[in-house]
A.B. asks: 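Once you've had a glance at the structure underneath, I'll fire off some questions.
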Amino acid sequence: MLVLVSDLHITDETTANNVNPEAFLLLGDEIVDAAARRGAREIHLVLLGDILDLVRSDHWHRLGLPMAARPWGGQLDPDTGMNPSPAIELQFRSVLAAALASSTGAALERMLARLAGATVPFTVTYVIGNHERVMWNFPSLQEDTRRALPQIGAFAAAVERPEYGVLARHGHEWDEATHGWRLRAELLRPSRPIDRFSVDAYRTMAIGEVVTAELMSGLVFHARDQGAPPELVDQLKNVNNLRPLLDVFGWLEWIGGTRGQLHREMLHAALRRSLDGLLESSVARVWDRLERDTLVSGDLVDRLEQARALLLGPDFASFRGRVEVLQRLQRLVPFLLPGDDGLFAGARAETALRGGPAAGGIEYVLYGHTHRARHDYLAAAVSGAVQLYVNTGTFLPLISRTGDGRSFASEQQLTMVFAYRADEDVEGKASGTTSLDIWNGARRKRYGAARTNTALG
């Protein structure tokens with residue numbers, strides 16, 4: 001039995017609310033129960049990327065590090081698109097240690113230890129996503145993670161198990177804002193072309209990491225630094241759970257509309273400062289040179305600087321006026337949009353290389369990354385064989401704009417996928433075939449102020 005989960009985003013909790021630790025009690029129970037009921041011959045847990053989040057942190061802001069001392073600043077290494085200073089490794093090890101030490105990290109550790117005592121063989125593969133991408137650059141990060149979670153058998157870019165009909169990868173490979181393969185191939189090392197699935201591509205930093213650390217985490221840090229009340233800071237920690245991400249500007253308007261002028265000005269100033277950090281980074285300056293329509297229309301840095309100049313202009317009588325200018329960024333910087341369509345196209349490309357469903361082989365392509373659970377049939381045969389794209393979603397809340405276009409709502413999510421080979425889940429199943437269970441759960445519940453962690457039901 002394969003079990004696949006993704007996008008847990010366990011952080012140091014300085015700029016994000018972690019998944020409630022109780023989620024791992026539920027997940028562990030489901031795995032044990034499914035293994036017993038379906039006659040599992042093994043339990044292979046695939047942590048499908050963005051499990052530990054090494055960029056959702058105020059580490060660099062809190063320490064007051066100048067941009068030249070941050071991972072995305074200074075003179076970039078042409079092999080990685082990252083600051084080559086030896087201090088960078090220590091920065092990420094510090095963030096990782098705090099994430100592993102969180103109550104959520106400890107709950108994951110307990111779940112893995114429990115499953116290791118199962119009556120069938122238990123293995124764990126950790127697929128490295130974009131938010132822990134630096135694990136490719138610094139082996140010490142893998143070592144630290146395995147020391148805390150010793151059940152991890154391997155770190156990988158993808159898992160392919162033909163006996164289950166499964167090919168699984170994080171999926172950021174198809175999202176040009178979060179995968180550095182074009183940056184390295186076209187700008188950093190143009191004389192050495194690489195494929196999007198090459199080792200060198202996975203080692204190259206992408207603009208999405210800078211967006212998370214400087215713009216989104218920076219927003220939380222700067223609001224707190226200006227004295228924003230704890231309840232507002234806690235609300236801002238959900239900024240990374242917005243989909244699409246550019247709705248952050250409308251979301252801030254919605255939040256600010258219920259508060260006094262002082263707090264609205266705090267939000268405006270915090271966003272301006274975090275935008276400054278993004279623009280100042282070396283990665284943003286280099287990334288802008290790609291100038292491809294799928295990433296950005298025109299000169300990205302110039303457009304962002306123009307938007308910032310508008311933010312600082314004297315012609316705003318209200319917070320709403322400022323946010324109306326911010327919302328223009330949605331037209332100016334499409335690079336922040338999630339790569340959902342790109343992942344669907346990627347799944348079609350991967351299955352196309354392997355023939356139709358009647359030819360056998362890979363039946364299920366699984367990605368995470370977008371935080372939106374979904375499944376789409378790519379092809380089908382008269383025999384009933386299919387090729388299916390599945391997105392494993394997340395355990396985090398999903399915040400999205402409502403139908404009125406002016407407000408936002410959230411729901412808790414819990415998504416997991418179970419795959420069975422031919423000799424598992426055999427009751428009523430055609431001989432020699434695989435099977436798949438996709439669990440997409442959502443819960444709507446208003447929790448009291450005392451419960452600040454993300455809650456799962």
A.B. asks: Thinking salt bridges, do Arg70 and Glu214 make one under a 4.0 Å N-O criterion?
C.D. replies: yes
A.B. asks: Is a side-chain donor or acceptor of Asn18 paired with a backbone partner of Thr11 at a separation under 3.5 angstrom?
C.D. replies: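 Side chain of Asn18 to backbone of Thr11, a donor-acceptor pair under 3.5 Å: yes, one is there.
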A.B. asks: With sequence neighbours excluded, give me every ring-ring contact (aromatic ring centres under 6.0 Å, His included) pair touching residues 84-109.
C.D. replies: Trp60-Phe92
A.B. asks: Looking at residues at least two apart in the chain, or sitting in another chain, which of them share a salt bridge (Lys or Arg N to Asp or Glu O under 4.0 Å) with Arg189?
C.D. replies: Asp79
A.B. asks: Could you tell me which non-hydrogen atom of Ile43 sits nearest to which non-hydrogen atom of Ala35, and how far apart they are?
C.D. replies: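 That would be CD1-CB, 3.9 Å.
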A.B. asks: Under the salt bridge (Lys or Arg N to Asp or Glu O under 4.0 Å) rule, collect the residues that match up with Arg146, sequence neighbours excluded.
C.D. replies: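 Testing Arg146 for salt bridge (Lys or Arg N to Asp or Glu O under 4.0 Å), a comparison that skips the adjacent residues, returns none.
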A.B. asks: Taking the side chain as every heavy atom from C-beta outward, state whether Ile438 and Leu388 have any pair of such atoms under 4.5 Å apart.
C.D. replies: yes
A.B. asks: Please enumerate all residues that pass side-chain hydrogen bond (donor to acceptor under 3.5 Å, both in side chains) together with Glu350, with sequence neighbours excluded.
C.D. replies: Arg169, Tyr367
A.B. asks: For a quick test of reading the model, state the closest non-hydrogen atom pair linking Ser274 to Gly218 and the distance between them.
C.D. replies: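 So the minimum-distance heavy-atom pair works out to CB-C, 3.7 Å.
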A.B. asks: Using only atom types and a distance under 3.5 Å, with no angle test, would you say the side chain of Arg421 pairs donor to acceptor with the backbone of Ser435?
C.D. replies: no
A.B. asks: Using a 4.5 Å cut-off on heavy atoms from C-beta on, say whether the side chain of Val127 contacts that of Val46.
C.D. replies: yes
A.B. asks: Side chains of Ile362 and Glu160, heavy atoms from C-beta outward: is any pair under 4.5 Å?
C.D. replies: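 In contact.
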A.B. asks: Compare all side-chain heavy atoms of Val5 with those of Thr415 and state whether any distance is below 4.5 angstrom.
C.D. replies: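 No - every pair of side-chain heavy atoms lies 4.5 Å or more apart.
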A.B. asks: Under 3.5 Å, is there a donor-acceptor pair between the side chain of Lys237 and the main chain of Glu13?
C.D. replies: yes
A.B. asks: Please report the shortest heavy-atom distance between His371 and Thr394, naming the atom on each side.
C.D. replies: O-CG2, 3.7 Å
A.B. asks: Donor-acceptor pair, Thr392 side chain versus Leu48 backbone, under 3.5 Å?
C.D. replies: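 Between the backbone of Leu48 and the side chain of Thr392 there is no qualifying donor-acceptor contact (under 3.5 Å).
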A.B. asks: What verdict does the side-chain hydrogen bond (donor to acceptor under 3.5 Å, both in side chains) test give for Glu89 and Ser140, after you've listed the backbone C-alpha separation in whole Å, the side-chain angles of each residue and the deciding distance to 0.1 Å?
C.D. replies: CA-CA 8 Å; Glu89 180 176 6; Ser140 61; 2.5 Å; yes
A.B. asks: For Thr402, enumerate each residue passing the side-chain hydrogen bond (donor to acceptor under 3.5 Å, both in side chains) test, keeping only those at least two apart in sequence or located in another chain.
C.D. replies: Asp404, Ser407
A.B. asks: Does the Thr204 side chain pair with the main chain of Asp200, one donor and one acceptor, at a distance under 3.5 Å?
C.D. replies: yes
A.B. asks: Any side-chain heavy atom of Leu167 within less than 4.5 Å of one from Leu366?
C.D. replies: no
A.B. asks: Looking at Tyr389, Trp181, Phe197, which hits ring pair (Phe, Tyr, Trp, His ring centres under 6.0 Å) with Trp174?
C.D. replies: Phe197
A.B. asks: Do the side-chain N and O atoms of Asp12 and Ser57 include a donor-acceptor pair separated by under 3.5 angstrom?
C.D. replies: yes
A.B. asks: In sequence, state the C-alpha distance, the side-chain angles, and the governing distance for Asp58 and Arg224, and then conclude on salt bridge (charged side-chain N to carboxylate O under 4.0 Å, His left out).
C.D. replies: CA-CA 11 Å; Asp58 71 1; Arg224 182 195 293 121; 3.2 Å; yes
A.B. asks: Checking Phe24 against Leu112 for the side chain to side chain contact (heavy atoms under 4.5 Å, CB included) test, could you report, in this order, the C-alpha distance in whole Å, the side-chain angles of both residues, the deciding distance, and whether it holds?
C.D. replies: CA-CA 9 Å; Phe24 296 104; Leu112 296 183; over 6 Å; no
A.B. asks: Under the side-chain hydrogen bond (donor to acceptor under 3.5 Å, both in side chains) rule, what pairs show up with a residue in residues 127-136, not counting sequence neighbours?
C.D. replies: Asp53-His131, Tyr126-Glu132, Asn130-His170, Asn130-His369, Arg133-Asn137, Arg133-Glu209
A.B. asks: Can you check whether Ile194's main-chain N or O pairs, donor with acceptor, with Ser198's side chain at less than 3.5 Å?
C.D. replies: no
A.B. asks: Applying side-chain hydrogen bond (donor to acceptor under 3.5 Å, both in side chains), name anything that partners Asn83, two or more places apart in sequence or on another chain.
C.D. replies: none
A.B. asks: Could you tell me whether a side-chain N or O of Gln413 sits under 3.5 Å from a main-chain N or O of Phe395, the two making a donor and an acceptor?
C.D. replies: no
A.B. asks: Take His44 and Val124, measure what side chain to side chain contact (heavy atoms under 4.5 Å, CB included) needs, and give me the verdict at the end.
C.D. replies: CA-CA 6 Å; His44 182 178; Val124 181; over 6 Å; no
A.B. asks: Just wondering, do Asn391 and Arg372 contact through their side chains at under 4.5 Å, heavy atoms?
C.D. replies: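 Side-chain contact under 4.5 Å: no.
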A.B. asks: Rounded to the nearest 0.5 Å, what's the gap from CG on Leu141 to CG on Leu54? Could you check?
C.D. replies: 6.5 Å
A.B. asks: Centres of the Tyr202 and His179 rings: under 6.0 Å?
C.D. replies: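 They qualify: ring centres under 6.0 Å apart.
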A.B. asks: Do side-chain atoms of Thr433 reach the backbone of Lys429 as a donor and acceptor pair under 3.5 angstrom?
C.D. replies: no
A.B. asks: Any sub-3.5 Å donor-acceptor pair from Thr351's side-chain atoms to Gln387's backbone N or O?
C.D. replies: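 Flag not set: sc Thr351 to bb Gln387 has no pair under 3.5 Å.
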A.B. asks: State which residues pass ring-ring contact (aromatic ring centres under 6.0 Å, His included) with His61; sequence neighbours excluded, sorted by chain then number.
C.D. replies: Phe221, His222
A.B. asks: Quick test of your reading of the model: are Arg38 and Asp437 salt-bridged, counting only N-O distances below 4.0 Å?
C.D. replies: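 Yes, this pair counts.
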A.B. asks: Donor-acceptor pair, distance only, cut-off 3.5 Å: does the side chain of Ser217 make one with the backbone of Thr15?
C.D. replies: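 Not confirmed, Ser217 side chain does not pair with Thr15 backbone.
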A.B. asks: For a 4.5 angstrom cut-off between non-hydrogen side-chain atoms, does Leu108 reach Ile51?
C.D. replies: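 They are in contact (side-chain heavy atoms under 4.5 Å apart), so the answer is yes.
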A.B. asks: Decide side chain to side chain contact (heavy atoms under 4.5 Å, CB included) for Phe408 and Asn238; before the verdict, give the C-alpha distance in whole Å, the side-chain angles of both, and the deciding distance to 0.1 Å.
C.D. replies: CA-CA 12 Å; Phe408 293 81; Asn238 284 315; over 6 Å; no
A.B. asks: Are Val134 and Val55 packed together at the side-chain level, in the sense that at least one heavy-atom pair is separated by less than 4.5 angstrom?
C.D. replies: no
A.B. asks: Filter on side-chain hydrogen bond (donor to acceptor under 3.5 Å, both in side chains), then keep only pairs touching residues 27-36, sequence neighbours left out; what's left?
C.D. replies: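 Residue pairs with at least one partner in residues 27-36: Asp29-Arg114, Asp33-Arg37.
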A.B. asks: Considering residues at least two apart in sequence or located in another chain, which fulfil the salt bridge (Lys or Arg N to Asp or Glu O under 4.0 Å) criterion with Arg348?
C.D. replies: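 Expected list: none.
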A.B. asks: Got a sec, which residues hit side-chain hydrogen bond (donor to acceptor under 3.5 Å, both in side chains) with Thr123, two or more places apart in sequence or on another chain?
C.D. replies: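 side-chain hydrogen bond (donor to acceptor under 3.5 Å, both in side chains) check on Thr123 returns nothing, list empty.
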A.B. asks: Is the CD atom of Glu231 crowded by more than 12 outside heavy atoms at less than 6.0 Å?
C.D. replies: yes
A.B. asks: Considering residues at least two apart in sequence or located in another chain, which fulfil the salt bridge (Lys or Arg N to Asp or Glu O under 4.0 Å) criterion with Asp144?
C.D. replies: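 Applying salt bridge (Lys or Arg N to Asp or Glu O under 4.0 Å) to Asp144 gives Arg93, Arg147.
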